[in-house]
There are 2 protein chains.
Amino acid sequence: MHIVNVALHEIFQALSDPYRIRIIRLMLESKSELCLCELSDALEEPEYKLSRHVKILKNSGLIDSVREGKWIYHSLVTDEKYLKLLHKAVSVFPDSANQLARDFARFQKRLNIREAGRCRQPSRVIDEKQKVRR
Amino acid sequence: MHIVNVALHEIFQALSDPYRIRIIRLMLESKSELCLCELSDALEEPEYKLSRHVKILKNSGLIDSVREGKWIYHSLVTDEKYLKLLHKAVSVFPDSANQLARDFARFQKRLNIREAGRCRQPSRVIDEKQKVRR
DNA sequence: GATACACTTGCATATTTGTGCAAGTGTTTA
DNA sequence: TAAACACTTGCACAAATATGCAAGTGTATC
């Protein structure tokens, strides 16, 4: 019951930012819940920045979030209609800069430090380039 | 060959305005070319305003324009992929305020003063409320 | 209770966006 | 050539958006 009273232009507005598209593409590709620190490692952007983008996607009804202890796991809504729309969009407009491949590779690495399928480790630098986070 | 090098977030950005959505919905519904003065009558908004919104949609590759004498006819691109995406979007997020019904009704009225299927009359007030245009 | 960590947010600021007005361009017609 | 009309755009300005920093909240662990 999330998207009641959200106008179409508001959905598009939520999707009108390159970082938010990277988040959506990553979620579509990984089919996984992911928390902010993992997202931060995947996109190599600071948490406070992505936190706001996630909030916008959440307010537009495109993603759901669940708290589990210290972590909050975010994922795409399960409604097939919205998922199909998003899939259609990303397939019609492919990721020409190949950003998804890089984001997804970093996310896969980050997944390795999960324990029992959950984020249980302090967020850490995966390679040396990644000094973006404090 | 329009949409080369347009990123997905730019498409969404072009669609992130309520007036631009009204234009797209009207074009999807009417399946017709329409010129700016007709659009202005349909949406009850001044031409200079809609001219800019049309330009944005055009730059994003979503609509095509052809000049015929004084008039420039605008229509959705013919590419089935983009059309399907737009159709999907408007069906998943229906026009809850029923704006399309009103825009389309005014557009239908405006069509009556076409000659030989083309805009040939000076744009005029259709009903008294419509004093928006000079 | 104190500390640690995941995440959020108030504030300041730079940039982008939407819009009205008035002046402009381009084309046709008198 | 002048006037009419469809459409566009330079300028000014208000509102919305994105972002960094630093301080905040909430939860678990020591």
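The chains referred to below are lettered A, B, ... by the order of the sequence lines, with proteins before strands, and numbering in each begins at 1.
In this structure, A/D41 contributes its side chain and A/R110 its backbone to no donor-acceptor pair below 3.5 Å. Within the 3.5 Å criterion, the main-chain N or O of A/Q13 finds a donor-acceptor partner in the side chain of A/R20.
Proximity of A/K70 to the phosphate of C/dC5: no side-chain N or O atom is located under 4.0 Å from OP1 or OP2. Residue B/R120 places none of its side-chain N or O atoms closer than 4.0 Å to OP1 or OP2 of C/dT28. Remark: A/H74 is not in phosphate contact with C/dC7, judged by side-chain N or O atoms under 4.0 Å from OP1 or OP2. Taking side-chain N and O atoms only, B/S51 has no distance below 4.0 Å to OP1 or OP2 of D/dC7. Between B/K55 and D/dC7 there is no side-chain polar atom (N or O) within less than 4.0 angstrom of OP1 or OP2.
Distance, A/N59 CG to D/dT17 P: 12 Å, rounded to whole Å. Taking atom CD on A/E45 and atom P on D/dC21, their separation rounds to 13 Å, with Å as the unit. In this entry the distance linking OH of B/Y73 with P of D/dA6 reads 10 Å, nearest Å. We find that NZ of A/K49 is positioned 14 Å from C1' of D/dC21, with the value rounded to whole Å. Atom P of nucleotide D/dT17 and atom CG of A/L15 are separated by 14 Å, given to the nearest angstrom.
Across C/dA6, D/dT8, C/dG18, the shortest atom-to-atom separation from the side chain of B/D17 is found for C/dG18. Comparing D/dG20, C/dG18, D/dT9 by their closest approach to the side chain of A/P46 singles out D/dG20. Distances were taken from every side-chain heavy atom of B/Y48 (C-beta onward) to each of C/dC21, D/dC7, C/dT8; the shortest belongs to C/dC21. Taking only side-chain atoms of B/W71, from C-beta outward, the nucleotide of C/dT8, D/dA18, D/dC7 with the closest atom is D/dC7.
Nucleic acid contact for B/Q13: sugar-phosphate only, since backbone atoms but no base atoms lie under 4.0 Å from a heavy atom of the residue. Contact annotation for A/R52: base contact, defined as any heavy-atom pair under 4.0 Å involving a base atom.
Using modelled atom types, one finds no donor on one side chain facing an acceptor on the other under 3.5 Å when comparing A/H9 with B/S16.
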